[in-house]
Amino acid sequence: MKTKIIFSEKCLGYGYYHIEGPERVRRAAEILKGFGYEFLEPKPASEDDLLRVHDVDYIWNVRKGLVEDPDTPAYDNIFEFARLSAGGAILAAKVGGFSIMRPPGHHVGISGAALGAYTRGFCYFNNIAIAVRHLDKPTLILDIDGHHGNGTQEIFLGDEKVTYVSLHRHPNYPGTGIFHEGNCLNFPLPPDCGDEAHIRTLDRALSSVDVDRFEVVAVSAGFDAHAGDLASLGLTGKGYMEIGERIAKLEKHTFFVLEGGYQGENVGKDIHTLLRAIS
Ligand SMILES: [Zn+2]
């Protein structure tokens, strides 16, 4: 059975001149429709869902649009866009699907910019964290975006139900994720290291966790590690296929939430390549 894609056209309604713009997701959705995936429409996350991750003052600031930083504009109605994207992650978690909703989420922490980062890196609510807390089961979060998910680490550091594993480019924004910290295992990689080095490191990362402990695998699925993208690790389709195979081998309830990836053509194809190995 093919993995279901979570998407609403509503997420294309902002940010036309930003690198995190609608075209990346519009094109990815078009490609995935062409491959025959079933699409599901998400509902906005509830206030209770947001409160399981973010503090009340931060949620209020997003609602009021008081969240402008040099990377992350305070767009009109961004609260509604961000709430719907978080709802997409929750639906993906429930059905074992892949949410391609935007905005992304893994850089935003409990009350905004996380672990000393100077911006929220295009993120408003931490979608994957909201979905993981919604399910509330022992979860392995695997973050394959080319950037470190500093927000996700801040949220889950010390949480006994969750282990966070991230492979990311270093040095790069946000500058965190250089060392392991408690239940957050970080594997920094040099720019454009290529498929082979990445997969070798992924194997090492997965062998360092006790997979039997987890009921759920939540994948922060960014594609900006694709060769030539914003946080390139030199990955190609072959790399994403092997990542998919490694995830399939874990044999857990698995869901995916889109993070970065700024070339829609590659994002759509990489998602299909990854999912072909799963379903
Ligand atoms: Zn990224």
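One-based numbering, in listed order, for ligands and for the atoms of each.
For residue His107, no N/O/S atom approaches the Zn ion (ligand 1) to within less than 2.8 Å. The Zn ion (ligand 1) has no N, O or S atom of Glu259 under 2.8 Å away, backbone or side chain.
Judged by the 6.0 Å distance and 45° axis criteria, Lys4 is not positioned over the aromatic ring of Phe98.
The name of the N, O or S atom in His147 nearest to the Zn ion (ligand 1) is ND1.
Each salt bridge (Lys or Arg N to Asp or Glu O under 4.0 Å) pair with one or both residues in residues 104-114, not counting sequence neighbours, would appear here, but there are none. Pairs of residues two or more places apart, or lying in two chains, that qualify as salt bridge (Lys or Arg N to Asp or Glu O under 4.0 Å) and include a residue from residues 103-127 are Asp69-Arg120.
Taking CG of Asp159 as the reference point, atom OH of Tyr164 lies at 14.0 Å (rounded to 0.5 Å).
At the Zn ion (ligand 1), the vertex angle linking OD2 of Asp224 with OD2 of Asp145 is 110° (nearest 10 degrees).
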